[in-house]
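Please read the structure below before turning to the comments.
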Amino acid sequence: MTVDVLVAGAGIGGLTAALSLHAAGIEVRVVDSVDALRPVGVGINLLPHAVRELTELGLGDALAATGVQTAEMVHYDRHGNRIWGEPRGRALGYHWPQYSIHRGELQMLLLDAVRRRLGERAVVTGTAFVRFLEDGRALRVVLRDMARGREHAVRVRALVGADGLYSSVRARLHPGEGPPLWNGIRMWRGVTEWHPVLGGRTVAVAGSNAQAKLVVYPISREAELRGRALLNWVAEVRFPPEPGSGPGSADWNRGGRLSDVLPHYAGWRVGDLDVPALFAATRRILEYPMVDREPLPWWGKGPVTLLGDAAHPMYPVGSNGGSQAVLDARVLARCLARADPDRVAGLRAYEEVRREATTALVLANRRMPADRYLAAVAERAPDGFARVEDVLTAEELGELRDAYRWTTGTDVTELNTRPSWSVP
């Protein structure tokens with residue numbers, strides 16, 4: 001048996017790729033090493049360019065019923081004084097909203113759509129990618145049954161590594177790369193049911209990761225309908241480099257301790273949000289370093305390529321990691337369909353479109369342009385301020401707005417007027 005396109009990894013990118021390839025008339029199968037897919041993780045933001053693509057896949061109503069339609073983003077200092085803000089999504093002029101949503105709920109939404117449209121066996125769990133071997137015109141991919149420990153090979157026309165930060169497919173294509181790169185910032189994350197704060201649909205950013213920074217936003221439409229808010233929070237603290245210090249494992253499910261994060265936010269209050277109380281009410285705190293990898297000079301070769309975090313892991317500065325994986329998936333399907341039946345040509349066309357764009361985002365996020373101005377506020381007004389105009393010039397406030405847009409991506413007019421990527 002030969003599989004047309006095999007996707008390794010059933011995360012947001014891999015599942016969106018399956019839906020997109022199926023919609024383009026291309027046979028696809030997804031494998032993942034976990035024994036069962038469950039709604040784990042915390043919150044993410046889906047930017048309008050990703051929401052457009054998922055809406056064109058027929059998931060607009062499901063997104064609206066699951067996530068919170070973000071109304072605005074506001075930056076504060078660590079005392080809760082407003083520095084800058086602007087509307088988000090449709091309120092900013094996009095034809096599509098921005099959603100704040102639980103990553104696990106989004107993954108389950110995608111998984112349900114894949115299984116309904118492609119069949120229950122379209123996603124096979126408990127099956128890990130091991131290696132690939134070129135065999136004439138076909139590619140042999142060796143997979144391992146995790147429960148039995150047995151390996152078997154399947155012939156495929158194309159392999160897509162969508163298997164995340166520690167991608168096994170990437171390691172085969174780019175051996176000896178080493179561990180992810182840490183920037184000295186450690187993040188604690190949590191999800192807490194709370195009362196609505198800061199207007200109920202705000203992505204709030206407080207402080208600066210020159211020292212300590214906080215990001216908070218609601219992620220559940222169901223909680224909103226009950227008059228509550230499921231708040232996703234991210235606490236970022238920069239640590240000075242020390243001999244022998246390192247990031248440790250970037251394990252997205254690694255538990256963190258309240259006692260480690262709480263001292264950095266003692267006395268913090270942002271509007272009607274008591275930050276220490278929010279942290280203390282969180283049942284499970286996760287901890288991991290802020291890491292990325294150097295952009296690759298090329299992603300794949302022959303009938304193999306990469307997608308999402310496997311191709312371009314980036315700092316969570318512009319809320320773009322998951323959104324870019326969605327864009328990858330859509331462009332991949334379009335390029336394969338246009339180059340059909342030449343899968344190799346389709347993969348190279350996909351990489352030509354996506355590699356340069358995602359490399360620019362990785363580097364922009366690494367520079368953290370917006371944080372330069374947030375740090376300036378903390379330095380110039382350590383005890384707070386009455387008027388932000390007394391702290392930042394009008395030119396600096398404009399640069400802060402532009403800096404954030406560099407890391408989030410698409411221009412309003414460009415997105416609204418771009419032709420659809422759906423394959424006719």
Side-chain angles (χ1 to χ4, degrees), residues 1-18 21 26-38 40 107 110-111 114-115 118-180 249-254 291 293-294 296-313 325 328-329 332 336 343-344 346-348 350-351:
M1 181 186 70
T2 298
V3 176
D4 193 344
V5 179
L6 180 69
V7 177
I12 293 169
L15 293 172
T16 304
L21 290 163
I26 298 171
E27 181 215 3
V28 57
R29 180 175 296 180
V30 182
V31 296
D32 199 290
S33 61
V34 300
D35 61 345
L37 295 168
R38 300 178 179 88
V40 297
Q107 186 180 15
L110 293 167
L111 178 64
V114 170
R115 287 179 166 161
L118 282 71
E120 288 293 323
R121 291 294 296 170
V123 179
V124 182
T125 56
T127 303
F129 165 83
V130 178
R131 59 187 177 276
F132 60 82
L133 305 163
E134 295 220 37
D135 182 14
R137 292 186 176 181
L139 188 74
R140 283 198 305 132
V141 176
V142 178
L143 304 172
R144 177 178 294 117
D145 183 320
M146 300 298 288
R148 298 177 176 85
R150 298 174 183 170
E151 294 184 357
H152 65 281
V154 295
R155 291 183 180 275
V156 308
R157 295 182 64 202
L159 170 65
V160 178
D163 47 345
L165 178 66
Y166 293 104
S167 168
S168 296
V169 179
R170 178 170 173 143
R172 287 281 169 176
L173 290 164
H174 302 273
E177 187 176 24
S249 173
D251 177 358
W252 310 135
N253 294 309
R254 175 183 173 184
V291 296
R293 292 188 185 275
E294 289 292 351
L296 293 169
W298 51 274
W299 284 357
K301 62 181 180 180
V304 185
T305 195
L306 301 171
L307 183 149
D309 280 351
H312 46 74
D328 287 351
L332 173 72
L336 286 179
R343 293 289 179 251
V344 173
L347 296 184
R348 297 296 85 77
Y350 151 72
E351 293 166 6

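Just so it is clear, the values below take in all heavy atoms, side chains as well, and ignore hydrogens, waters and symmetry mates. Count residues from 1 along the sequence. Remember, it's a predicted structure, so these values are computed and weren't measured experimentally.
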Answer yes or no: is there an ion pair linking Glu151 with Arg131, defined by an N-O contact shorter than 4.0 Å?
yes
Heavy atoms of Val7 and Ala162 approach each other most closely as CG1-CB, 4.0 Å
When every non-hydrogen atom of Trp299 is compared with those of Asp328, the smallest separation belongs to CH2-OD1, 4.5 Å
To the nearest 0.5 angstrom, please state how far the CZ atom of Arg155 sits from the CG atom of Leu139.
9.5 Å
Sub-4.5 Å side-chain heavy-atom contact between Val114 and Val30:
no
Do Arg29 and Val154 have side-chain heavy atoms sitting under 4.5 Å apart?
no
Option passing side chain to side chain contact (heavy atoms under 4.5 Å, CB included) with Val304 (candidates Val160, Val169, Val344)
Val169
How long is the gap from CG on Leu173 to NZ on Lys301, to the nearest 0.5 Å?
6.5 Å
Of all heavy-atom pairs between Thr127 and Met146, which one has the smallest distance, and what is that distance?
N-CG, 4.2 Å
How would you list, by chain and number, every residue that makes a ring-ring contact (aromatic ring centres under 6.0 Å, His included) with Phe129, sequence neighbours excluded?
none
Please report the shortest heavy-atom distance between Ala17 and Leu307, naming the atom on each side.
CB-CD1, 4.2 Å
Looking at CZ of Arg144 and NE2 of His152, how far apart are the two atoms once the value is rounded to the nearest 0.5 Å?
11.5 Å
Output the distance between atom CG (Leu110) and atom CD1 (Ile12), rounded to the nearest 0.5 Å.
7.0 Å
Arg343 and Leu336, any side-chain heavy atoms less than 4.5 Å apart
yes
Ala158 to Leu347 - nearest heavy-atom pair and separation
CB-CD1, 4.3 Å
Write down the atom of Asp163, the atom of Ala310, and the distance for their closest heavy-atom approach.
OD1-CB, 3.8 Å
At what distance, to the nearest 0.5 angstrom, does CD of Glu351 lie from CG of Leu332?
9.5 Å
Does any non-hydrogen side-chain atom of Asp32 lie less than 4.5 Å from one of Val123?
no
Return the set of residues passing side-chain contact (heavy atoms from CB on, under 4.5 Å) with Glu177 (not counting sequence neighbours), or none when no residue passes.
Arg170, Arg293, Leu296
Gap between atom OH of Tyr166 and atom CG of Asp309 - 0.5 Å precision:
11.5 Å
